[in-house]
Every structure is written in structure tokens, then in C-alpha cells.
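Reminder, nothing fancy here: chain letters follow the sequence lines and each chain counts from 1.
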Amino acid sequence: MRLVIDKQTVWLVGGVLALLLVSSIIGYALAHTAKGESARHTVKNLNDRIRAWWFMVLIFGLALATGGAGSIVLFGLTSFLALREFITLTPTRLSDHRALFWVFFVITPLQYWLLWTDWYGLFIILIPVYAFLFVPIRNALAGDCERFLERTAKIQWALMICVYCVSHAPALLRLKIPGYEGQNGKLLFFFVLVVQISDVLQYVWGKLLGRRKIVPQVSPNKTWAGFVGGIASATLIGTALWWATPFTPWQAAGMSLVICLMGFAGGLTMSAIKRDRGVKDFGNMIEGHGGVLDRIDSICFAAPLFFHLTRYYFTP
Amino acid sequence: MTKALLVALVKLISGANVRWAGCNPEIRQRIYFANHTSHLDAVVVWASLPAAVREWVRPVAAKEYWTANGLRRFLAANVFHAVLIDRTKVTVRNNPIEFMLEGMGQRHSLIIFPEGGRSSGEEIGSFKSGIYHLAKEKPGIEMVPVHINNLNRVLPKGEFLPVPMLSCISFGAPIILEPGESKTAFLERARAAICKLRPS
């Protein structure tokens, strides 16, 4: 898998770095003007987030620079860490131990290995079919019937969200789009940028104008203003980046809208799980953001849809 | 070198999130006492201490487990300087308390597991009297309760392959044996100190 670094890539990377620089300056200014306990708290959280963003952009940029291998390894590790956070919060029983060992050390690496060898046919069914059958078999062999269906379903769900869905993001590098050969790195960049900027803008719009909550029982942070403002502005940004993708401006707008809507749905669904388990975040690995899974919940839901839409309409 | 690698590996596998709720890590003679759910407990608590403090802390561990093969023997003796206790034949001459006091000397701290054996991880078992005798032999010593959460799911009893889940190690406020405090009262107080650290 060869990825070229062309002028457009440089523009994309430069744009993101400029954006981060501006955010850091604004964050710095806010930190010196914020008054009152809650304002200071919000600004501190904002600055933690910006700092973490620098770090995440650096890692992601390095992964892309190494071509396909780096990105596959990076997303593989991300899946592994997310899976770990998910399973930690899910009450499994001790008899699930062996099945979990397979899930972490065989099925997860295998999914990314299939991506590496470009074995699309198996990549697309490994987890929904074979892992789906394997996990209950292994659990049945362990001989513990208590809450059997529930336990098996939870492990399966964790695999689908954290491994199967996430692996569709680096799978974008495997698409053979006529006239776009070697440029798929930009497509992955476009996808991650739109998903994440949509999260950020929903947060910003929500903090500035948000009052009416969409589903207060699930997430107190998701407001109508954040939803409309964030998704509209992120879609505009995605549209403005059409030149880096194989899409026309209108197609880029449609794709961005789908990505943003699915990203929102992902964040909401994962919030429901966190609520159910009585926690605010899945982990504490990324300062200001929570865990890995808190940061990628929108990617989980948006990646498969974006992958399939692109594959269906833009590859022969 | 081996030490740094082992600490990094243990932290990776156990994903331990360390919280100091009630005291700060300090280089002073203390006794850390924790609930016991997994063979990894001693190593994980030891690894979760800051490097400078860790130098002076020795875990107390089961002799039959840590001398079972060459690697474990090497790790116990040369890397985390464990005080190994024979749990199978306790006699008057073979008193574990003596070994622990000897292992502490004047400057070292200990990590002990007062339940004796490993519990299932859900309930904390009743404490053996060893912790009380230690406190009596070392009057005024700070005893720091440590709660280990989720490590039993990383490596449950009877399993040999760890699954990388996230665990949480909480250090609580130290307790000190009061003059005239009875054995039962102290054991109950010590056990309650760990239970209090349980995440709700």
C-alpha cells in the first residue's frame, strides 16, 4: 500500500496545525480572563482538550506519514484500548476469561491482519459471523450458564463497536478509487477531521448557545443548538475540503452530513451505555476527554457508513 | 533495567489507575495492607508506587508460588525483593511475623495481604491476626489500606493467561493501632478501612 504525500496533504496538515495554534492562543487568552469557579473549570477542561488534541494530531499525522502500515497499527491499538475500556465496564463473569483472551489476543489482531493482507471477503464477516459463533461456543465450553445470553451478547457488542466498526476507518486506505490511486490517506484524513471537528463544534455551539437538551435522560451535554450549529458548520467545513477527496462539492457535502449525523448518533448511544453503567467516561487515558472510547465513539458509528457509501458509489 | 521493564509491563497489563485518597506517597516505614484477589496483586501494588518510594517497599508473597520456577525465583529475589512466606507449615519456629519483621529492618516498608489467601474479588474475607501482631511489634507505624479493584478479572484464580482489563488501586488514610485496642476491634477497623475505598 503506497500513499503519496502531495501538495493537498500538506495543505490539510497545515490547516489543522494552524487551527490548533489558533485554539491554543484563544485557550491561553481565556485562561487569563476567566472569572469565577465554574468558568475557570470549563476553561481548564478546554485547555486540557486542546493539549490532548495536539498530541492526538501528532500521533495520527505520524501514522499517516508512514503509509498504510502505521495507520493500521494505530487503529489496531486504538481498538485494543477501546475494547479494554468497554470490557472493564461490562460485568462479565470469571468463566468468560478464556473467551476474552481470544477476543483480545486473537480476534482483534486478526481483523487488522486481514486489513493488512487486503482480504476483504473475510474482513467483512470475521466478527459478525465467525466471532459471533465462536464466543458463545467458547463460553458454553466453560460450563457456566448464568446470564449466558447477556454475557455473550455484551462481548459480541464490544467486538462490533470497538474492533469491527473502528477497523472500517483504516479500511478506507484499501479502496481502489479510479483516478485517486495512492491518495487514500487524504480520504482517511478527511473522514477523521470531519467526525472530530463535528464533535468539537457541537461542544462549542452547545456551550455558547445550548439550552434545550435533546435527550436529557441520556446526555446533559447534547443540546439542539449544539446539534444544529455543530453539524451545519462541520458539514460546511467538510464541503470546503472537497478538493482533497474524490468527491464533487455536493457529494462532499452529502458525505459530511452523513458522517456528522452518524457521529452524533454514536456519541448519544455510547452515552446511554455509560449512563446505564453509572459512569461519566469510559476511562481517563486522555486528559480532558476521558478514555479512548469517549474520543472515538463518533468514529465507531460513522466509519462503516462512510466506508460503504464510498465503496458502493466510487469504486468499480 | 529489568526493574523498569517489569514495572512498565505490569502497568500495561493491569492498566492500573492509581489514586491516593487519604495520604501521599512518602519514603517512610509503613505497612501497606490490601485485599487479595489475584497472584498479580503484590506486583501491581508495588509497581503502582512512585519509583523512589518503591525502592524501600517489599511485598510479602507466598513462597510456594514465587519459588515454583526459575523466572519467578529471579523476579522475587532480584527485582522486587519479596519477603517470601511459607504458608504450608507454620510452626513456632517458622513464624511468618518474624520473617516480616526481619524483612522490614529499620527502613523498609511491607505490602501485606491480611486475608491470607485469595478471595473471589467480590467480598473481602476476614483478616488473619498477623496484621495485628505486626502493628504491635512496630508501635506507632502507619498502616495504609490499599483497595485493589478488578485485578481478579485480569488474572482470576486458576488461570495463567492475563486479559488486559483496567484495574484501580486506591491508597487510603493510614490507621495506627491505638494503645489498648483489642485484636478483634483492630482487625475489624483495618478491614473496614479497605471496604471504605471500594468504588461505589
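B/Arg153 contributes atom CZ, which lies 8.5 Å from atom CG of A/Leu94 (distance to the nearest 0.5 angstrom). One distance of note links CD of A/Glu85 with CG of B/Leu166; it measures 6.0 Å at 0.5 Å rounding. Here the straight-line distance linking atom CG of B/Asn150 with atom CD1 of A/Ile87 works out to 11.0 Å at 0.5 Å rounding.
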Solution key, residues 8-18 of chain B side-chain donor-acceptor pairs under 3.5 Å, sequence neighbours excluded:
| unit_1 | atom_1 | unit_2 | atom_2 | d |
| --- | --- | --- | --- | --- |
| B/Ser14 | OG | B/Val10 | O | 2.7 |
| B/Asn17 | OD1 | A/Asn284 | ND2 | 3.3 |

Kindly list each side-chain donor-acceptor pair under 3.5 angstrom involving residues 50-62 of chain A, sequence neighbours excluded, with atom names and distances?
| unit_1 | atom_1 | unit_2 | atom_2 | d |
| --- | --- | --- | --- | --- |
| A/Arg51 | NH2 | A/Asp48 | OD1 | 3.0 |
| A/Trp54 | NE1 | A/Ser24 | OG | 2.8 |

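Here the closest non-hydrogen pair linking B/Leu161 and A/Phe101 is CB-CE1, 3.4 Å.
In this structure, B/Lys3 places its NZ atom where more than 12 heavy-atom neighbours from other residues, nucleotides or ligands lie under 6.0 Å away. Environment of NZ in B/Lys138: crowded, with over 12 heavy atoms of neighbouring residues, nucleotides or ligands closer than 6.0 Å. For B/Tyr65, the OH atom counts as densely surrounded, since its 6.0 Å shell holds more than 12 non-hydrogen atoms of other residues, nucleotides or ligands.
Heavy atoms of A/Phe104 lying under 4.5 Å from chain B belong exclusively to its side chain. Neither the backbone nor the side chain of A/Arg93 comes within less than 4.5 Å of any heavy atom of chain B. With a threshold of 4.5 angstrom between heavy atoms, A/Thr90 approaches chain B through N, CA, C or O but not through any side-chain atom.
Contacts between residues 19-26 of chain B and chain A, defined by a heavy-atom separation under 4.5 Å, are made by no residue at all. Listed in order of number, the residues of residues 144-152 of chain A that approach chain B to under 4.5 Å between heavy atoms amount to none.
Side chain of A/Thr88 to backbone of B/Met165: no donor-acceptor contact under 3.5 angstrom is found. Not one N or O on the side chain of A/His97 forms a donor-acceptor pair closer than 3.5 Å with the backbone of B/Pro162.
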